[in-house]
Structures are given as structure tokens and as C-alpha cells.
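Basis for what follows: all heavy atoms, side chains included, without hydrogens, waters or symmetry-related copies. Throughout, residue positions are numbered sequentially from 1 according to the sequence presented. What you see is a predicted model; the values in this text were computed from it and never measured. Each ligand, and each atom within it, is numbered from 1 in the order the structure gives.
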Amino acid sequence: MIEVVPIPQLRDNYAYLVIDSDTKKAGVIDCAEVAPVLAEIDRRQVEVVALLPTHHHYDHVGGHEDFLRVHRVEVFAYAGQRQRIPGCTREVQEGDEIPIGHLVARVIFIPAHTTGHVAYYFPEEHVVFTGDTLFVAGCGRLFEGDAATMMASLQKLASLPDETQVYCGHEYSQKNLEFALQLEPHNAALRQKYERVLALRAQGLPTVPSTIAEEKATNPFLRWHSAELQANLRRIDPNLGNDPVEIFAKVRALKDTF
Ligand code: ZN
Ligand code: FE
């Protein structure tokens with residue numbers, strides 16, 4: 001059985017403790033700040049076997065060195081990214097499988113936010129950790145890739161089973177949904193999602209997990225086919241073409257200044 005514990009980090013990041021409840025072995029996704037992670041490990045009496053960073057940014061790996069002073073564990077990085085991931089012990093590629101007790105994390109390569117960005121997918125349990133590529137109702141900035149690359153990465157994630165639970169790297173959901181509602185004000189699923197997110201935030205609770213089905217229904221970066229979204233984009237830019245990549249890039253550019 002998988003158990004996922006979101007651990008708030010820094011201002012609006014999440015690390016995740018992923019526990020195999022059969023063996024009490026665990027992995028840590030995106031360890032930025034070590035104290036709250038160590039406290040959670042202690043409280044739950046689990047044995048961490050691996051650090052699983054989605055990408056090299058400081059707010060996803062900043063806790064590695066402090067963590068490794070306390071526990072010596074495997075540290076994964078995408079092929080060729082070893083220098084960017086503090087403490088890296090092993091490089092992995094698309095489709096590689098990382099055991100955590102009886103659980104298996106499969107690597108999905110999803111570049112664009114960075115050239116070495118990965119997701120960790122647990123195919124048996126239908127759980128995916130998407131870092132700064134797929135957010136609840138949003139996507140990461142294009143720091144090291146273009147719109148077409150990000151679109152392909154997002155579509156890889158969107159092709160996972162509908163029920164897959166999505167855990168992302170930041171708590172940006174409320175603002176992302178406010179942006180999405182400007183483009184699709186009549187999307188009922190989007191309105192409902194926004195109400196649910198507001199209620200969770202009012203209680204100080206995380207808005208993860210989402211699901212792949214919910215993201216396909218609400219995330220403007222997966223909705224380039226929506227007539228309402230396209231109409232609203234054309235109101236802003238009458239010269240916008242019909243190419244999905246161009247539409248996607250326009251949504252990304254608008255979000256950059258939202
Ligand atoms: Zn990042
Ligand atoms: Fe980040």
C-alpha cells in the first residue's frame with residue numbers, strides 16, 4: 001500500500017514522503033528543506049531509501065546535502081544531470097523503475113521547465129509526482145525548453161489513466177484557477193474545482209492530489225482544443241492561428257504576466 005504525505009517546504013513548495021506501508025520503506029520527492037522532512041520520518045518511523053528529485057532547482061533539491069549527512073541513501077538524477085543534483089548516486093532514463101520497498105516508481109522524462117525534468121509514476125497505485133511541469137490547473141515556466149517540448153511533456157502525463165492522482169511541486173492552485181477562469185468562464189468543471197480549492201485553502205489544507213481526469217477538464221495548458229478558450233484568446237490576439245502549439249504558447253505567455 002502506498003501512503004503519500006505532503007510536507008510543506010519554503011514558501012509554497014511541497015516535498016512528498018512516499019511510504020510503502022508494508023515494509024515501512026520510503027522515498028522523498030523534492031527535498032528542499034530538511035528539518036520538516038526529518039521530523040515526518042521520525043514521527044512515522046519509516047526508513048528512507050531514496051531521494052527522488054523531479055529537477056535540479058534549489059527549491060527541489062536544496063535539502064539534499066543536509067539530508068545525506070543524517071541518512072545515506074540513493075539519490076537519483078536524469079541521465080546527464082548528475083552535476084546538477086547534489087549527492088547524485090545514480091542516473092536514470094525514461095521507463096527505468098526504482099524500487100521503494102514493494103512499491104515501484106517509474107521514470108517519465110518530461111523536459112521543458114528544465115532539460116532534465118522527470119516525473120515519478122507509480123503504475124500499480126496510479127500516483128504521479130509531476131514537479132514543476134504539471135501543476136494543478138497550470139504548468140511550469142519554459143526555462144530550458146520551448147512550447148512544443150512542454151506540450152509534448154504535458155501530453156505524456158495526460159495520457160496516464162484518468163484516475164491517476166497528481167501531486168505537483170508547488171501550491172499554486174488558487175491563482176492558476178483564477179487565470180484559467182478568465183479563459184473559460186463557462187467551464188462548469190473549472191468553477192467546481194475553484195470552489196473546492198478555495199474551501200481547502202480556507203482550512204489551510206493542500207489542494208493536492210488532483211487527478212489526470214480533473215486536469216484534462218480544467219487545466220488551460222491541456223485545453224488548447226476548447227472553443228471557449230480559443231475564442232477568448234482571439235479576443236486578445238485576433239491574429240492567433242489554429243496551430244495547437246501556437247495556442248498553447250499564447251496561454252503560456254499570458255500566464256507569465258498574470
Ligand atoms: Zn523549478
Ligand atoms: Fe519549483
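Across all their heavy atoms, Pro111 and Ser153 have their closest contact at O-OG, 2.6 Å.
At least one N/O/S atom of His60, from backbone or side chain, sits under 2.8 Å from the Fe ion (ligand 2). Backbone or side-chain N, O or S atoms of His55 reach the Zn ion (ligand 1) at under 2.8 Å. Among the backbone and side-chain atoms of His57, none of the N, O or S atoms lies under 2.8 Å from the Fe ion (ligand 2).
The only option from Arg252, His113, Gln155 that meets the side chain to side chain contact (heavy atoms under 4.5 Å, CB included) definition with Met150 turns out to be His113. Between Glu215 and the options Asp162, Thr130, Leu222, a side chain to side chain contact (heavy atoms under 4.5 Å, CB included) holds for only Leu222. Among the candidates Tyr172, Phe179, Phe221, the single residue satisfying the ring pair (Phe, Tyr, Trp, His ring centres under 6.0 Å) test with Phe135 is Tyr172.
The Fe ion (ligand 2) lies closest to atom NE2 when only the N/O/S atoms of His170 are considered. Atom OD2 is the N/O/S atom of Asp59 found closest to the Fe ion (ligand 2). Take the N/O/S atoms of Asp132: the one nearest the Fe ion (ligand 2) is OD2. Sorting the N, O or S atoms of Asp132 by how far they are from the Zn ion (ligand 1) puts OD2 first.
Side-chain contact between Glu171 and Arg201 is present, with at least one heavy-atom pair separated by less than 4.5 Å.
Taking the Zn ion (ligand 1) as the apex, the angle formed with NE2 of His113 and ND1 of His57 is 90°, to the nearest 10 degrees.
Within 6.0 Å of the NE2 atom in His225, the count of heavy atoms belonging to other residues, nucleotides or ligands exceeds 12.
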